[in-house]
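Throughout, protein chains are lettered first and strands after them, A, B, ... in sequence-line order, and every chain is numbered starting at 1.
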Amino acid sequence: MATDNFSIDDIFKRALNKTSIFKDRNVLRSDYIPDKLYFRDEQIRIVAETISPVLHGARPSNMFLYGKTGTGKTAVAKYVFSKLSQIALSKSIGVRFAYVNTRMAGTEYRVLYEIARDFNIPVPHTGLALSEIFDRIFKNLSRDRFSGLIILDEIDFLVKSHGDDLLYELTRANERLSGVFISLVGISNDLTFKEYLDPRVLSSLSEEELVFPPYTAEELKVILADRIRLGFQPNVFTEAALNLAAALAAAEHGDARRAVDLVRVAGEIAERKNLAFVDEEQVREALLKIDQDRLVDALRSLPLHSKLVVLSVAGLKDNVSTGAVYNNYSQLCKKLGIPELTTRRVSGLLNELSMLGIVSAETVSLGRQGRSKRPKLLIPLTTVKAVFSNDPVLFDLVKYVEDYVE
DNA sequence: CTTCCACAGGAACCAGCGGACC
DNA sequence: GGTCCGCTGGTTCCTGTGGAAG
């Protein structure tokens with residue numbers, strides 16, 4: 001092989017020398033907590049003041065933080081906790097911190113498991129009774145003279161799916177502890193979930209309440225400018241692109257997390273295209289890409305029967321009843337030679353799909369024609385086909401749907 | 001005004017699983 | 001090895017219901 005003007009070393013050398021438009025990609029991740037939180041001084045102050053009694057061994061009030069997604073609730077809570085834990089550590093004050101996202105955790109057991117783990121209490125990740133984990137947490141706190149501060153993020157999820165039993169136990173934990181205590185910081189982006197709470201739990205949890213307003217476009221601009229300064233090489237991200245990203249995110253209820261995502265993805269698009277700048281065009285592309293990616297992921301990770309329901313809806317005209325969808329669905333099951341689920345279950349799957357925004361499931365009543373949902377595909381048919389064509393089980397059925405829709 | 005359709009969706013229950021405890 | 005635990009993902013049975021047709 002003639003290698004006069006080609007050497008593998010050159011390739012690597014070029015790759016090494018190639019300067020990225022990114023300076024530090026990590027600061028552009030949406031879970032990154034910056035050193036400085038803009039426009040949240042007031043909230044930080046209130047949270048810190050509420051929690052601070054812990055430093056002289058008194059029980060702080062429970063808190064409840066409320067605000068839309070991406071308004072800094074989690075960031076503020078974690079920020080204050082991390083500062084506090086540094087101080088507590090240096091002064092050897094007996095307090096431990098736990099953070100649990102109850103939606104990620106999923107079940108009551110996992111929530112308790114994560115609390116125990118953050119408190120450095122060894123517990124098995126399954127197999128115990130809930131009351132047993134409670135006992136172990138309380139025993140450890142009492143024995144080691146540690147109090148516990150717990151952040152329960154997305155607490156509305158826990159309550160909606162599992163009720164408030166666990167919260168009830170946690171709020172009255174202090175009756176069982178002596179000398180030490182447990183305090184809670186609940187975080188939610190949905191205020192209506194309070195209706196699900198036992199009044200005793202509600203009054204206990206809401207000893208202190210704090211609302212996080214959405215960021216304005218101007219505020220988002222400052223936040224983004226700061227991240228861009230840290231995350232990108234100088235003069236890469238144009239002013240116009242910054243303005244657009246801030247405006248787009250502000251239009252979506254001032255969600256800072258989404259704004260940062262937008263900036264990062266726009267940068268990745270520019271990098272892939274070997275551009276020296278990130279401009280408005282890449283921000284617009286990023287907006288589309290983020291939506292598209294989320295959709296494809298959601299679709300792909302659906303369980304088999306949910307996918308079949310999606311296909312059934314996709315294969316029908318609009319304005320068709322649940323019954324028709326079910327018929328279509330059981331046809332598909334027959335073609336695959338798998339047993340079909342009951343109507344009750346399919347109705348449930350339809351509701352799940354509607355919560356994911358894949359299918360709308362508005363119920364309408366047509367008098368003597370009965371009462372039913374009008375399932376309708378909310379996403380482009382082409383996306384459904386594209387995703388399912390790559391599915392080892394479903395790719396044959398996609399063709400069938402195409403025929404059906406004529 | 002009453003009837004009655006075609007479902008919605010709550011409640012109770014079940015099987016199977018992975019795993020801890022003794 | 002037997003017993004208990006909680007979770008998932010179902011089933012069965014059931015009552016509830018908006019509004020056009022009669």
Review point. Quick one: is A/S365 getting a side-chain N or O under 4.0 Å of the B/dC5 phosphate, OP1 or OP2?
Key: no
Practice item. Please determine which of A/L220, A/V263, A/L287 meets the side-chain contact (heavy atoms from CB on, under 4.5 Å) test together with A/R258. Key: A/L287
Review point. A/F388 ring centre to A/R300 NZ or CZ under 6.0 Å, with the angle to the axis within 45°?
Key: no
Check your understanding: Is any side-chain N or O of A/S372 closer than 4.0 Å to OP1 or OP2 of B/dA6?
Key -> no
Check your understanding: If only side-chain N and O atoms of A/N351 are considered, is one of them under 4.0 Å from the OP1 or OP2 phosphate oxygen of B/dG9?
Key -> yes
Review point. Over how many whole Å does the gap from A/R371 atom CZ to B/dC7 atom P extend?
Key: 12 Å
Point to revise | For atom CG of A/L349 and atom C1' of B/dA8, their distance in whole Å | key: 15 Å
Check your understanding: Atom CG of A/L350 to atom C1' of B/dA6: distance rounded to whole Å?
Key -> 14 Å
**Study point:** Nearest-angstrom distance from the residue atom OH of A/Y109 to P of C/dC4
**Key:** 18 Å
Study note, to complete from the structure: Rounded to whole Å, CD of A/E132 lies from P of B/dC21 at a distance of 7 Å
Exercise for review: For A/E108, answer base if it contacts any base atom (sugar-phosphate contacts may also be present), sugar-phosphate if it contacts only those atoms, and nothing otherwise; contact means non-hydrogen atoms under 4.0 Å.
Suggested key: sugar-phosphate
Study note, to complete from the structure: To the nearest angstrom, the CD-P distance between A/Q369 and B/dT3 comes to 19 Å
Review point. Between C/dC7 and A/T107, is there an OP1 or OP2 to side-chain N/O distance shorter than 4.0 Å?
Key: yes
Exercise for review: Using a cut-off of strictly less than 4.0 Å, decide whether A/T363 has a side-chain nitrogen or oxygen near OP1 or OP2 of B/dA8.
Suggested key: no
Check your understanding: Rounded to whole angstroms, how far apart are CG on A/L353 and P on B/dA8?
Key -> 13 Å
Review point. Under 6.0 Å from the six-membered ring centre of A/Y99 and within 45° of its axis: does the NZ or CZ of A/K78 meet both?
Key: yes
Check your understanding: Taking atom P of C/dG19 as reference, at what distance in whole Å does atom CD of A/E362 sit?
Key -> 12 Å
Exercise for review: Assess the pair A/F232 and A/F22: is the distance between their ring centroids shorter than 6.0 Å?
Suggested key: yes
Exercise for review: Answer yes or no for A/R103 and A/F157: cation-pi contact, defined as NZ/CZ to six-membered ring centre under 6.0 Å and angle to ring axis within 45°.
Suggested key: no
**Study point:** Selection from C/dG10, B/dG19, B/dG9 that lies nearest to any side-chain heavy atom of A/H125
**Key:** B/dG19
Study note, to complete from the structure: Between A/L366 and A/L128, the residue closer to the 5' end of DNA chain B by nearest nucleotide is A/L366
Exercise for review: Compare side-chain N and O positions of A/R136 against OP1 and OP2 of B/dC21 and report whether any pair is under 4.0 Å apart.
Suggested key: yes
Point to revise | Presence of A/K373 side-chain N/O under 4.0 Å of B/dA8 phosphate oxygens OP1/OP2 | key: yes
Check your understanding: Under 3.5 Å, is there a donor-acceptor pair between the A/S372 and A/T322 side chains?
Key -> yes
**Study point:** Nearest-nucleotide pick for A/S347, side chain only, options being B/dA8, C/dG6, C/dC13
**Key:** B/dA8
Check your understanding: What nucleic acid atoms does A/T343 come within less than 4.0 Å of, heavy atoms only: base, sugar-phosphate, or nothing?
Key -> nothing
**Study point:** A/R368 (side chain) and C/dG18 (base): donor-acceptor pair under 3.5 Å
**Key:** no
